[in-house]
Protein chains: 2
Amino acid sequence: MTETNVSFRALSESCKTCSLAELCLPRGLQNEEMQRLDDVIKTRCVVHSGDMLFKEGNRNRSIYAVRSGSVKTFTVMESGDEQILGFHLPGEIIGLAGLDEAIHNCSSKALETSSICELPLDELETICLQIPSLQKQLLKLISREISQDHKMLLLLAKKNSDQRVATFLLSLSGRFKLRGLSSQSFILSMSRQDIANYLGLAVETVSRILTKLSDDKVIDVTRRAIQIVNHDRLLEIADS
Amino acid sequence: MTETNVSFRALSESCKTCSLAELCLPRGLQNEEMQRLDDVIKTRCVVHSGDMLFKEGNRNRSIYAVRSGSVKTFTVMESGDEQILGFHLPGEIIGLAGLDEAIHNCSSKALETSSICELPLDELETICLQIPSLQKQLLKLISREISQDHKMLLLLAKKNSDQRVATFLLSLSGRFKLRGLSSQSFILSMSRQDIANYLGLAVETVSRILTKLSDDKVIDVTRRAIQIVNHDRLLEIADS
DNA sequence: TACAGTAATTGATATGGATCAACGCTGCAC
DNA sequence: GTGCAGCGTTGATCCATATCAATTACTGTA
């Protein structure tokens, strides 16, 4: 596990010009309010595959918005191995679970070259009090995270391996679509190992299922490139 | 599945006199602020085992605090069977995942006779803007819920059945202790079926593990009455 | 006290997915 | 190019837990 630390590099873009604003924290803000949010953003930085964004136990009170690329969040068990909690695409906010203690309770690592916005919580809390629609949007995002986690609990508690992999592919597909990217053809930024870990399966199982889906002409797999050939069938498989 | 609706019955107690205030939403509030929170609480009602508090899809924008007793939250899958998302004890807030849409995305049912406080979101949001420490406490509680869900994801993805049951018992034990109740001796308000569902196991497996733990003198089980005999051993089992 | 219905336990068997082991492919260093 | 390392696939086997089936214990009701 590389523990390289982030090399910060300022980027010029602001929330006002960011194409993700509608998905992200600034959604619903007026121009002037967006400027104030911009002022809160401490840094916009670029990270590379394997770089840690933040580490479990860090006292650094910030949340982070993915601006491009993708990252994973995970906890490390007593035994040492990690449990991946989520993969995060542009416009998604991470670090929300750390709001209660002044401490992060999961770690985050870049899956590829990505750019990230850092928002210090103290200042964010302050302007939230002044901009009600910002507070509302923050609550929305947090609440959405809980819903997402609940879907995942259901997946892990009830779905078999075929359903898990199908559900995973459909989730990515839908999220790419929301971001104006192809929902049928995309590149996985995470390894098979990461997928398996996230879905509570063995790597071999994930590999076998991808092969099977490919044999059945439901998807097309070439290494990390995925093409969804039969979306309806994939839906059927996902929901039993 | 009984769909009996809640029979509302007003209770006199206020947050100021509630022994759970330190665990619940009012934590950290001044006397006058607590009065304002009290005013927001729509009803304090008593529900009985099997009563629904709210239902997935309901447009009812409220969150709920458990005041006594216990409830479960769950989602219903396409296939019709339910996935339990959590069991909730006095002082815990439920319905937080529904903040983003004006709609509940899980259902909740009482496990025993319980009393519940209902807080309409619109009014809560309003006074949150006026009482910063209330907003902070709300965020804390939500963030704690996410942390809890993350622990559950880890449990479902990585732990075997022994570890799951041991972890479950320890979690209850710890939460009872926080509430000033015995951490060694308590009554399960949920059925084996509910425990199994929550832990992603079969009822038979849960039953067998409880029997085994009892045979090994780690716990004592008499129907729903649990006594933790060897707490350290239970910890060992839970964490591998 | 008897009865019905439900919850919990226990035993026997089946199976989905883990584990172990080997190999192929891809990309990078030299 | 050749060698090497990491990632991914494939096959064989095993085991933890589900499933099926039967029995027992308990709860509420008449």
Side-chain angles (χ1 to χ4, degrees), chain A residues 1-2 48-50 72 79 81 83-84 109 111-113 155-169 187-216 219-226 237 240, chain B residues 1-2 4 48-50 72 79 81-84 109 111-113 155-169 187-216 219-226 237 240:
Chain A
M1 202 197 290
T2 40
H48 298 283
S49 181
K72 63 176 175 181
S79 58
D81 52 13
Q83 172 59 41
I84 295 178
K109 201 178 257 193
L111 291 167
E112 60 189 313
T113 299
L155 178 142
L156 290 172
K158 289 272 182 319
K159 297 196 176 185
N160 66 26
S161 53
D162 293 325
Q163 296 173 313
R164 291 185 199 191
V165 173
T167 305
F168 173 70
L169 292 174
I187 305 288
L188 300 173
S189 59
M190 66 296 288
S191 66
R192 300 286 194 270
Q193 187 55 255
D194 279 348
I195 299 174
N197 180 303
Y198 178 59
L199 297 177
L201 298 171
V203 209
E204 295 91 331
T205 305
V206 171
S207 180
R208 275 185 249 270
I209 290 169
L210 289 175
T211 303
K212 186 169 59 175
L213 288 173
S214 184
D215 290 347
D216 294 350
I219 62 175
D220 198 275
V221 188
T222 310
R223 212 161 154 72
R224 293 197 183 180
I226 300 286
I237 295 171
S240 212
Chain B
M1 205 196 287
T2 40
T4 333
H48 298 284
S49 180
K72 63 177 174 180
S79 58
D81 51 14
E82 70 185 42
Q83 172 59 42
I84 294 177
K109 202 178 256 193
L111 291 167
E112 60 190 312
T113 300
L155 178 143
L156 291 172
K158 290 272 183 315
K159 297 196 176 186
N160 66 26
S161 54
D162 292 326
Q163 296 172 314
R164 291 184 199 191
V165 174
T167 304
F168 173 70
L169 292 175
I187 305 289
L188 301 173
S189 60
M190 66 295 288
S191 66
R192 300 286 194 271
Q193 188 56 256
D194 279 348
I195 298 173
N197 179 304
Y198 178 58
L199 297 177
L201 298 171
V203 208
E204 295 92 329
T205 305
V206 171
S207 180
R208 276 185 249 271
I209 290 170
L210 288 175
T211 304
K212 186 169 59 175
L213 287 172
S214 184
D215 289 348
D216 294 350
I219 62 175
D220 198 276
V221 187
T222 309
R223 206 159 162 73
R224 295 197 180 179
I226 300 287
I237 295 171
S240 209

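Below, chains carry the letters A, B, ... as their sequence lines are ordered, and counting in each starts from 1.
As rounded to whole Å, 16 Å separates atom C1' of D:dC7 from atom CG of A:Asn197. Distance, A:Asp81 CG to C:dT19 P: 11 Å, rounded to whole Å. Between B:Leu199 atom CG and D:dT17 atom C1' the separation is 14 Å, expressed in whole Å. As a whole-Å value, the separation of B:Asp194 CG from C:dA8 P is 9 Å. Atom pair B:Glu112:CD and D:dT27:P shows a separation of 15 Å (rounding to whole Å applied). Between A:Arg192 atom CZ and C:dC25 atom P the separation is 15 Å, expressed in whole Å. In this structure, CZ of A:Arg164 is placed 10 Å from C1' of C:dG17, rounded to the nearest angstrom. In this structure, A:Asp162 atom CG and C:dG16 atom C1' are separated by 10 Å, rounded to whole Å.
Taking both residues in full, the closest heavy atoms of A:Tyr198 and A:Gln83 are given as O-NE2, 4.0 Å, listed atom of the first, atom of the second, then distance. Across every non-hydrogen atom of A:Arg223 and A:Arg192, the tightest pair is O-NH2, 2.8 Å.
The one candidate from B:Asn160, B:Leu201, B:Ile195 that meets the side chain to side chain contact (heavy atoms under 4.5 Å, CB included) condition with B:Val165 is B:Leu201. Considering B:Val221, B:Asp162, B:Leu169 as possible partners of B:Leu213, the one that fulfils the side chain to side chain contact (heavy atoms under 4.5 Å, CB included) test is B:Leu169.
A donor and an acceptor atom never sit less than 3.5 Å apart when one is taken from the side chain of A:Gln193 and the other from the base of D:dC7. One donor-acceptor pair, N or O on each side, does fall under 3.5 Å between the base of D:dG11 and the side chain of A:Arg208.
Using a 4.0 Å heavy-atom distance criterion, B:Arg223 is classed as a sugar-phosphate-only contact. Within 4.0 Å (heavy atoms only), A:Leu210 reaches no atom of the nucleic acid at all. Across all strands, B:Arg224 comes closer than 4.0 Å only to sugar-phosphate atoms, never to a base (heavy-atom distances).
Checking D:dG8, C:dG17, D:dT10 against the side-chain heavy atoms of A:Glu204 singles out D:dT10 as nearest. Comparing D:dA18, C:dG17, C:dA18 against the side chain of B:Ala202 picks out D:dA18 as the nearest.
Distances shorter than 4.0 Å separate some side-chain N or O of A:Ser161 from OP1 or OP2 on C:dG17. Of the side-chain N and O atoms in B:Thr205, one or more sit less than 4.0 angstrom from OP1 or OP2 of D:dA18. The phosphate of D:dT10 (OP1 or OP2) has no side-chain N or O of A:Ser207 nearer than 4.0 angstrom.
Between the side chain of B:Ser207 and the backbone N or O of B:Val203, no donor-acceptor pair lies under 3.5 Å.
Where A:Ile209 and B:Met190 meet DNA chain C, the nucleotide closest to each residue was compared, and B:Met190 sits on the side nearer the 5' end.
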